[in-house]
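Report on the following structure.
Letters A, B, ... are given to chains in the order of the sequence lines, protein chains preceding strands, and every chain is numbered from 1.
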Amino acid sequence: MDKKLYITTAIPYANGAPHIGHALDYLLADIWTRYQKQNDHDVRFQVGTDEHGNKIATKAIELGTDPQSYVDKTYVNFETLIKKIGASYTDFIRTTDPHHINSVKIIWQKLQPYIYKGNYEGWYCAGCEAFVTDKEATASGGICADHQQHYQKISEENYYFKASAFTDDIKQAISNGDMQIVPEFRKKEFLELIKDGLQDVSISRPKKSLSWGVPVPDDPEQVMYVWLDALANYITVLGYPDNPEWQLYWPADIQVVGKDILRFHAGLWPAMLLGLGLPLPKKILAHGFINVGGIKQSKSLGNGVDPIQIIDEYGVDAFRYFFSRHIPTLDDGDFTWETFENAYNTELANDLGNAVQRVTGMITRYQSGVIGEIPQGEHDMGTYHKSMENLEFDKAVDEVWLMVRSLNQYIEHVKPWEIAKQIGKDAEAESHLTEVLAYAVGALLQIGDLLVPFLPDTADRIHRTFETGRIVPLEGVFFPKIYKHTTDPHTTKD
RNA sequence: CGCGGGGUGGAGCAGUCUGGUUAGCUCGGAUGGCUCAUAACCAUCAGGUCGUAGGUUCAAAUCCUACCCCCGCAACCA
């Protein structure tokens with residue numbers, strides 16, 4: 001058996017609507033997973049939801065229910081999105097799973113040598129029953145917008161995790177690449193951030209101010225705060241510590257996170273792992289944010305884009321296509337309905353869809369659907385694989401489209417329809433035509449192979465159409481034109 | 001001097017580390033060709049002071065200096 005691989009995604013807070021940022025996590029992880037599986041690796045792929053905390057408890061009370069019943073409903077929103085994207089995950093963890101809760105307690109105990117009691121001081125809103133960051137307090141002028149009251153500076157006793165103890169080890173692991181941070185500039189950014197050392201982190205709250213969470217072992221007055229509970233999911237989902245199977249998968253090969261939470265995954269989380277005596281993840285992939293028309297998505301602006309809507313209107317492969325190719329894997333990207341639809345119509349419909357269509361059309365028309373001997377596609381895939389290894393998925397897809405274009409050029413160049421006219425006049429025309437069309441099919445099949453990680457449905461359709469040596473007609477065309485957010489140029493010209 | 005990223009034809013980007021053929025690609029625009037195909041495809045053309053000002057060099061988008069502008073971050077925000 002080949003080495004077992006493991007990839008993780010961040011677990012979103014179950015209170016809230018899934019948005020495009022979450023979708024990106026799942027998509028990137030899924031592309032990598034499918035790519036590795038295509039190369040015969042065993043891949044475990046985790047997704048999940050973070051289900052503890054005050055916001056959930058408060059919301060549940062508001063709705064006249066209890067927190068557990070509430071999250072039992074809301075986590076489904078994420079599960080729906082994940083499935084809709086076609087993410088081939090193997091594990092869905094919820095932080096309210098009994099096994100997770102038990103494991104977190106054990107983890108707490110194992111980390112005992114690095115846990116101490118201290119005072120947490122910060123701006124607190126009695127209405128929210130929660131602390132806000134200094135930044136937030138300053139931005140709002142010291143007044144909570146929801147409750148129209150001043151934040152109070154209060155301090156309370158809770159437990160701290162001595163992350164600072166691991167500063168040097170973590171710095172070293174990052175610098176020497178044992179724990180690789182991708183992209184490189186994020187690595188620099190993070191090393192700069194921790195140059196004066198990691199800060200110790202508050203990992204619990206008094207029970208009176210945080211009711212919904214994992215109880216701290218041996219201290220009924222304290223409940224675990226988010227970090228330890230949530231981050232631990234990456235190993236508890238594998239069965240840590242009681243099911244030894246976790247050792248087959250840990251350390252993770254890649255942990256996919258958004259750039260905003262890189263610091264927790266590159267600092268606190270590795271510190272926890274070192275405290276447990278566990279190896280660090282091999283690679284952390286920090287992707288960027290998706291703006292809309294150059295503007296940050298926000299609830300107050302109401303300019304958020306719903307991934308479900310995109311998938312429902314254009315299909316899952318169209319979604320996967322745009323977000324893998326037109327959103328840079330390692331940097332911020334931009335979405336507008338216009339650019340999305342344009343990419344769909346020109347690249348998926350005109351370039352790829354039409355190429356498949358014209359090849360199947362000619363084979364059906366000239367050769368009654370018989371393809372004959374299909375040669376291996378001969379395009380050099382070095383750049384593609386290199387881009388995949390570097391986690392630059394956008395560049396890998398670019399490479400595939402180079403092939404699509406050159407196939408269209410090839411067809412234009414050899415003009416199969418001209419050759420067809422020579423049949424009966426020229427003795428070699430028939431075999432020449434067969435050869436040309438089979439070559440085109442070979443190219444399409446190679447394109448299909450390369451699209452497996454990105455557009456699984458499309459790849460599958462291409463294979464089914466051609467692989468038997470005889471055209472298998474499929475219902476409908478590949479990527480029919482869609483004009484929902486832009487105008488059809490052919491209806492406005494009159 | 002807080003840290004990081006960036007400013008290249010209408011839009012989005014590559015090229016900068018390792019200076020050197022006519023600054024490359026996609027979309028958009030114009031013209032032409034073709035007709036197998038989803039009024040698709042193919043070809044050609046138009047369009048750029050490579051943020052600004054200096055400097056180094058036979059030669060700079062690419063190296064050096066100064067400055068301007070934009071974006072993100074500035075730690076418990078799940």
Discussion item. Would you say the rings of A/Tyr321 and A/Tyr344 are close, in the sense that their centroids are separated by under 6.0 Å?
Written reply: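 A/Tyr344 vs A/Tyr321: aromatic centres not under 6.0 Å.
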Discussion item. Looking only at the aromatic ring of each residue, does the gap between the centers of A/Phe322 and A/Phe335 stay below 6.0 angstrom?
Written reply: yes
Counting the atoms with a prime plus P, OP1 and OP2 as sugar-phosphate, which does [X] contact under 4.0 Å by heavy atoms, base, sugar-phosphate, or nothing?
X	result
A/Gly353	base
A/Arg365	sugar-phosphate
A/Ile261	base
A/Lys481	base
A/Glu418	sugar-phosphate
A/Lys259	sugar-phosphate
A/Ile11	base
A/Tyr225	sugar-phosphate
A/Asp351	sugar-phosphate
A/Pro416	nothing
A/Asn408	sugar-phosphate

Measure from the side chain of [X], starting at C-beta and using heavy atoms only, and say which of [options] lies closest.
X	options	answer
A/Lys55	B/U35, B/A75, B/A78	B/A78
A/Val201	B/C36, B/U26, B/C76	B/C76
A/Lys188	B/C73, B/G5, B/A37	B/G5
A/Arg358	B/C36, B/G4, B/A78	B/C36
A/Ser202	B/C76, B/A75, B/U35	B/C76
A/Glu189	B/U35, B/C27, B/G72	B/G72
A/Arg405	B/U26, B/A78, B/C34	B/U26
A/Asn350	B/G28, B/A78, B/C41	B/C41
A/Trp227	B/C73, B/A40, B/C76	B/C76
A/Phe264	B/G4, B/C77, B/C36	B/C77

What integer number of Å spans the [atom1] atoms of [N] and [M]?
N	M	atom1	answer
B/C13	B/C50	C1'	13 Å
B/A78	B/A39	P	48 Å
B/C63	B/C58	C1'	16 Å
B/U65	B/C25	C1'	33 Å
B/C71	B/G12	P	14 Å
B/G51	B/G5	C1'	15 Å
B/G29	B/A14	C1'	22 Å
B/C70	B/A60	C1'	25 Å

Worksheet item: In terms of the nearest nucleotide of RNA chain B, which residue is placed more toward the 5' end: A/His326 or A/Asp200?
Response: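 Between the two, 5'-proximity favours A/His326.
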Worksheet item: Mapping A/Gln409 and A/Gly197 onto RNA chain B by nearest heavy atom, which one lands closer to the 5' end?
Response: A/Gln409
[N] pairs with which nucleotide, Watson-Crick or G-U wobble, both distances below 3.5 Å?
N	result
B/G2	B/C73
B/A43	B/U31
B/G19	none
B/U49	none

Would you say [X] has more than 12 foreign heavy atoms packed within less than 6.0 Å of its [atom1]?
X	atom1	value
A/Lys386	NZ	no
A/Glu428	CD	no
A/Glu430	CD	no

In whole Å, what is the span from the [atom1] atom of [X] to the [atom2] atom of [N]?
X	N	atom1	atom2	answer
A/Gln199	B/C77	CD	C1'	14 Å
A/Asp25	B/A78	CG	P	15 Å
A/Glu192	B/G2	CD	C1'	9 Å
A/Leu198	B/A74	CG	C1'	16 Å
A/Tyr234	B/A78	OH	P	14 Å

Fill in: Donor-acceptor contact present, side-chain A/His52 to main-chain A/Tyr225, <3.5 Å
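Absent.
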Worksheet entry | A/Thr329 side chain vs A/Asp394 backbone, donor-acceptor pair below 3.5 Å |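 Checking the backbone N and O of A/Asp394 against the side chain of A/Thr329, a donor-acceptor pair under 3.5 Å is found.
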Discussion item. Tell me whether A/Asp398 is salt-bridged to A/Arg325, with the criterion being a basic N under 4.0 Å from an acidic carboxylate O.
Written reply: yes
Worksheet item: Think A/Arg320 forms a cation-pi with A/Phe454, using NZ or CZ under 6.0 Å from the six-ring centre and within 45 degrees of its axis?
Response: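 Because its charged atom misses either the 6.0 Å distance or the 45° angle limit, A/Arg320 does not stack over A/Phe454.
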Worksheet item: Going by modelled atom types, is there a donor-acceptor pair between the base of B/A40 and the side chain of A/Asn354 at under 3.5 Å?
Response: no
